[in-house]
Amino acid sequence: MSAEPATPALAPTDFIRDIVAADVTENRYAKIVTRFPPEPNGYLHIGHAKSICLNFGIARENNGQCNLRFDDTNPAKEEIEYVDSITTDVKWLISGWADHCLAFKAKGASPEKTTVNGLPDYFIAPVFESKIENQKSKIDSEPFSASSYFDQLYEYALVLIKKGQAYVCDLSPEDTDKYRGSPDKPGQDSPFRTRSVAENLDLFTRMKAGEFPDGTRSLRSKIDMASPNMWLRDPLLYRIRHTAHHHTGDQWCIYPLYDYAHCLSDYLEGITHSICTLEFVDHRPLYDWVLTSLDLPRALPHQYEFAKLNLGYTIVSKRKLLQLVNEKLVSGWDDPRMPTLSGLRRRGIPASAIRQFVTSVGVTKFDSLTEVAVFENAVRNELNPTAQRRLAVLKPIKIVLTNIPAGEVIACTATNNPQDETPTTRPLALTREVFIESDDFAEVPPPKYFRLKPGGEVRLKYACIIKLDEIVKDATGSVTELRCTADLTTRAGGINVEKKVKGTIHWVSATQCIDAEVRLYDRLFNVTEPAAELDFLRVVNPQSLEVVTAKLESSLASATPADRFQFERIGYFSLDKDSPVGPPLAGAPRLIFNRTISLKDTWAK
RNA sequence: UGCCUGAUGGUGUAAUGGUAGCACAGGCGACUUUGACUCGCCUAGUCAUGGUUCGAAUCCAUGUCGGGCAGCCA
């Protein structure tokens with residue numbers, strides 16, 4: 001038996017995809033439909049990326065659809081600002097990969113009443129932005145949202161009441177808690193559990209009408225107060241909240257809870273596979289209870305759970321991320337050190353690298369902690385073949401090439417990306433005075449030091465070999481310049497091009513370079529599991545940002561934020577979104593570059 | 001001491017009763033006008049104890065350890 005070549009990058013497989021594949025084989029659904037259902041109460045982060053890639057990935061691999069849906073059933077926590085940032089981040093992350101699977105709904109639409117197998121039903125149809133853009137008459141669309149199902153959800157609640165499966169409870173929040181019992185002790189039935197259908201209908205109608213203050217009554221499912229599963233002890237379906245909703249305004253004062261709204265939202269949208277994280281395993285019987293209690297005519301969605309992503313040296317808790325922002329430990333939600341998608345984007349990390357990373361981590365039920373090295377590897381893998389090589393000196397030290405006259409310009413040719421099949425080039429100017437990296441010179445070199453040292457030779461990349469003759473110091477003894485001789489016969493085309501030296505270093509012309517602010521980022525925390533600390537603020541890395549004024553080769557003056565650069569021998573960089581674009585004018589703010597990630601450095605270790 | 005869930009090299013993940021493989025990390029070496037990339041080699045694993053079986057990471061039993069659950073949050 002010859003083994004098929006493994007292609008995990010192209011066709012990832014995991015226990016959820018196996019279930020989907022089996023459902024496809026057995027023709028259980030006409031189309032595979034998944035969904036990404038964030039609550040609009042914060043910014044998306046690297047952990048969400050795993051869920052997004054799983055849901056859109058499954059849709060993509062099965063010619064299916066993935067809905068972006070806002071799980072906006074709690075008006076107290078949600079804001080329109082978040083729906084906008086989430087929509088932007090999702091589109092960015094799937095761009096060029098699963099755009100065609102992304103489903104929205106028609107703007108303002110709510111589920112339509114239909115008949116299926118002679119039974120009344122509701123369904124909301126998808127709209128694909130990727131398709132309407134090609135059409136003449138553009139349909140306005142928007143993401144799905146639980147709040148656009150409030151009418152249907154209310155109707156379904158009425159059905160549950162009429163079937164005797166839900167009741168209005170007058171217990172206070174505190175008493176509800178007491179009656180619920182504890183994990184090892186059964187709860188007690190609410191005294192309101194036996195109310196008549198008529199009374200329940202009356203009370204629930206009046207709840208909706210706004211007759212009662214917050215917290216005075218709730219609609220509860222009638223399941224089992226003695227269930228060993230706490231979530232089956234008559235969980236609440238509706239609570240009273242006299243609070244305006246970012247989407248429905250003042251229209252409602254009762255709002256459905258997650259366990260009631262989520263499964264039905266899935267059903268209304270025709271979701272087939274409802275994928276969530278492990279903490280919802282205990283909720284699954286409730287998910288199924290609601291759906292099966294309602295005698296719905298179409299195929300029911302099913303919930304599957306996987307372990308969320310844990311990344312070393314990273315925090316994703318909304319509360320803690322907010323604390324970093326509020327206490328000005330970072331510049332904002334999109335600070336390049338933040339694990340938010342907007343932060344990673346600003347840092348210059350390509351969406352494809354994030355996708356590759358979360359795919360490489362896999363999907364299981366094991367609560368794991370992934371090393372940051374895996375993420376960094378994915379980023380470098382994406383950047384190496386695409387980033388344009390440039391020369392930049394972060395911490396300059398001046399070299400004088402004593403045998404090159406002042407004013408003379410020696411033209412050199414640099415390769416833009418050696419990884420290209422047919423690499424392109426650009427011109428570089430070698431002049432009498434150049435800057436090199438101060439790390440690339442050592443007066444007292446450590447063992448196996450390949451770089452510039454007294455009496456030693458190195459190659460200036462793309463130019464020629466130079467030899468250090470003299471170290472010039474000021475009165476305090478610090479080095480002010482290095483006087484070297486350039487061996488011009490070792491240039492490309494020269495008779496001694498083939499001459500080998502151990503070290504090759506980067507440089508820029510002192511007279512033909514530009515200044516730029518370069519922000520060097522390091523990990524935000526000093527410990528692998530900052531979330532496990534009693535006080536995570538105490539393990540914030542005080543050196544997570546270093547700002548330097550660097551000398552860049554002049555071609556970098558025309559950089560745009562979309563460009564990805566590798567500053568040779570240093571790392572990958574991109575223009576910050578706040579940086580002025582285009583050639584710097586006199587007196588104008590200078591360019592700002594972010595270091596996306598350093599190059600691997602096996603010498604520094 | 002109720003319910004749910006899980007345990008494979010340092011890390012993550014495959015193997016669905018039949019050769020424990022891959023990636024990352026680490027080590028050594030080759031190549032190199034990036035101490036990068038690339039290439040080669042190496043290190044290292046089935047939680048424990050029993051059982052079923054010709055054969056067990058996989059099935060069964062017991063135990064150990066980890067994670068989750070008692071919001072009118074999602």
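Every chain is numbered from 1, with letters handed out A, B, ... down the list of sequences.
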Donor-acceptor side-chain pairing of A/R390 and A/N416 below 3.5 angstrom: yes
Side chain to side chain, A/W289 and A/I223, heavy atoms closer than 4.5 Å: yes
Cation-aromatic face contact A/R241/A/Y255, 6.0 Å, 45 degrees: no
Sugar-phosphate only, base, or nothing, as touched by A/E39 at under 4.0 Å among non-hydrogen atoms: sugar-phosphate
Touch class at under 4.0 angstrom, heavy-atom based, for A/R380 against every strand present: nothing
Distance-only donor-acceptor test (3.5 Å): side chain A/E279, base B/G67: no
base_contact_polar (B/U5 base, A/E305 side chain, donor-acceptor, <3.5 Å): no
Under 3.5 Å donor-acceptor pair, A/R459 side-chain atoms to B/U33 base atoms: yes
Any donor-acceptor N or O pair under 3.5 Å, side chains A/Y179, A/D234: no
Pairwise P distance for B/C4 and B/C60, with rounding to whole Å: 15 Å
Donor + acceptor pair across side chains of A/R389, A/H506 (<3.5 Å): no
Range-with-range stems of RNA chain B (Watson-Crick or G-U pairs under 3.5 Å, three or more in a row): B:2-7 with B:64-69, B:10-13 with B:21-24, B:26-30 with B:38-42, B:47-51 with B:59-63
Under-3.5 Å donor-acceptor pair between A/D367 side chain and B/G66 base: no
Phosphate OP1/OP2 of B/G2 contacted by A/K185 side-chain N/O (<4.0 Å): no
